[in-house]
Amino acid sequence: MAATPVEPKARKRRRKTRTKNISTLPPLLASEFTAGQIDLTPAKEHVICPACENRTPITGILGTPVLVPHHTTPYHHRTTTPRRCSNSNRRITLDIMTEAWRAELAERTESSATVASRRATKVLPKPKRGPAPTPVHRLAEQGPTPALPRLLPLLERARVAVERHRVICSLCRAGGRCDAGRDLEIQVAETEASCTIAREQLHHKKRQQGVRAAAPTHRTGWAAVLPAVRDADTRRATLPAVPGRPEAPAKAGTANVPTTPYHLAAYDRRQTDLGRQYVARRPTTA
């Protein structure tokens, strides 16, 4: 027996809300909404309800456009006590064309992108400033902390630790050396070396301070030689000019200096020799 073919069944489509009830409130005007509050895309018309501020579809575009019945809360908010909005089934007059709405939306989008590009997308907080560091001149005045007073108690403590270990350890008391005793002795030796270095640095610093205190300052040294310098300047200014040598006019506080060579013939011969040497070294051009 042949099987009866099963006829395909169309799936259930979502139907728009249809009602003949019209709200008694005056109709809304589409021109009073901004481009972002209303959408006139065909088959997707909706508007932000002025009463509940929810996006509400518009039905009856080909006849009498009205807002579909809706609640005061969005559809995705599941509440046990829903309340219908007062703008349900309220008429809306579409007094603007779709092309004009699209042009206004494009202009609004372009201006928003321009403003967003001029503003910072993220506010960066200013870093908190900590306490100001100590100036360099104060660090120089303070100087480094002496290490010797700090190392001496450590050295005494290390020696006491070695003595206590030798009293407890039988191997170290008998003349041997265990691992712990060896580590303690190494610590004592390193601390003694550090103390020696710190002591030498302290003595060197004191020696340098003594040398600086004993050395005369620049002003003191200049004051000591100033009489001899003034006497030499006075004697140099009173020297007579050599006969036959024109001197430059004397200036206040300076000695006269010659402006021409003393032996003119020797000077001319020297200039001639220098010119010949220059010509001999100069490469010839083909």
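- Without hydrogens or angle criteria, Arg84 side chain to His71 main chain gives no donor-acceptor distance under 3.5 Å.
- Rounding to the nearest 0.5 Å gives a distance of 4.5 Å between CG of Leu29 and CD of Glu32.
- At a threshold of 4.0 Å, the pair Arg235-Asp231 counts as salt-bridged, since one of the basic side-chain nitrogens sits closer than that to a carboxylate oxygen.
- Looking only at side-chain heavy atoms (C-beta outward), Ile92 and Pro27 stay at 4.5 Å or farther from each other.
- Taking hydrophobic clusters as Ile, Leu, Val, Met, Phe, Trp and Tyr residues chained together by side-chain heavy-atom distances below 4.5 Å, Leu105 shares a cluster with Leu94.
- The closest side-chain heavy-atom distance from Gln277 to Leu274 is below 4.5 Å.
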Checklist entry - Given the rule in the side chain to side chain contact (heavy atoms under 4.5 Å, CB included) test, do Leu184 and Gln187 qualify, once you have shown the distances and angles that lead to the verdict? => result CA-CA 5 Å; Leu184 291 175; Gln187 183 179 1; 4.1 Å; yes
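- Between Cys172 and Gly181 the shortest heavy-atom distance is SG-CA, 4.3 Å.
- No side-chain donor-acceptor contact under 3.5 Å links Glu200 and His204.
- To the nearest 0.5 Å, atoms SG (Cys178) and CG (Leu171) are separated by 6.0 Å.
- A distance-only check finds no donor-acceptor pair linking the side chain of Trp101 to the backbone of Ala30 [under 3.5 Å].
- In terms of heavy-atom proximity, Pro26 sits nearest to Arg90 at O-NE, 2.7 Å.
- Of all heavy-atom pairs spanning Pro50 and Asn87, the tightest one is CD-ND2, 3.6 Å.
- Leu202 and Leu151 fall into different hydrophobic clusters, where Ile, Leu, Val, Met, Phe, Trp and Tyr residues are linked whenever their side-chain heavy atoms come under 4.5 Å apart, directly or through other members.
- In this structure, Arg164 places its CZ atom where only 12 or fewer heavy-atom neighbours from other residues, nucleotides or ligands lie under 6.0 Å away.
- Distance check, rounded to the nearest 0.5 Å: CD of Glu45 to OG1 of Thr41 gives 7.5 Å.
- With Ile58 as the fixed residue, the side chain to side chain contact (heavy atoms under 4.5 Å, CB included) test singles out one of Leu28, Leu67, Val68: Leu67.
- Here the side chains of Arg159 and Glu192 are in contact, with some heavy-atom distance below 4.5 Å.
- Within the 4.5 Å cutoff, no side-chain heavy atoms of Phe33 are placed close to those of Ile96.
- Between Arg102 and Glu107 no salt bridge is recorded (no basic side-chain N to carboxylate O distance below 4.0 Å).
- Summarising the geometry, atom OG belonging to Ser194 is positioned 9.0 Å from atom CZ belonging to Arg150; distances are rounded to the nearest 0.5 Å.
- Taking the side chain as every heavy atom from C-beta outward, Glu185 and Arg166 approach each other to under 4.5 Å.
- Closest non-hydrogen pair, Cys49 versus Thr56, comes out as CB-OG1, 3.7 Å.
- By the 4.5 Å heavy-atom criterion applied to side chains, His263 and Asp268 are not counted as neighbours.
- The line from CG of Asp233 to CZ of Arg230 is 9.5 Å long, rounded to the nearest 0.5 Å.
- Side chain of Asn21 to backbone of Asn89: no donor-acceptor contact under 3.5 angstrom is found.
- Thr64 places a side-chain heavy atom less than 4.5 Å from the side chain of Val66.
- The backbone N or O of His46 sits nowhere less than 3.5 Å from a side-chain atom of Asp39 that would complete a donor-acceptor pair.
- When atom types are taken as modelled, the side chain of Ser23 and the backbone of Leu25 share a donor-acceptor pair closer than 3.5 angstrom.
- For the atom pair Glu104 CD and Leu40 CG, the distance stands at 10.0 Å (nearest 0.5 Å).
- Side-chain atoms of Arg91 never come within 3.5 Å of backbone atoms of Pro65 as a donor-acceptor pair (strictly under, hydrogens ignored).
- Residues Leu152 and Val188 fall into different hydrophobic clusters, defined by Ile, Leu, Val, Met, Phe, Trp and Tyr side chains chained together at heavy-atom separations under 4.5 Å.
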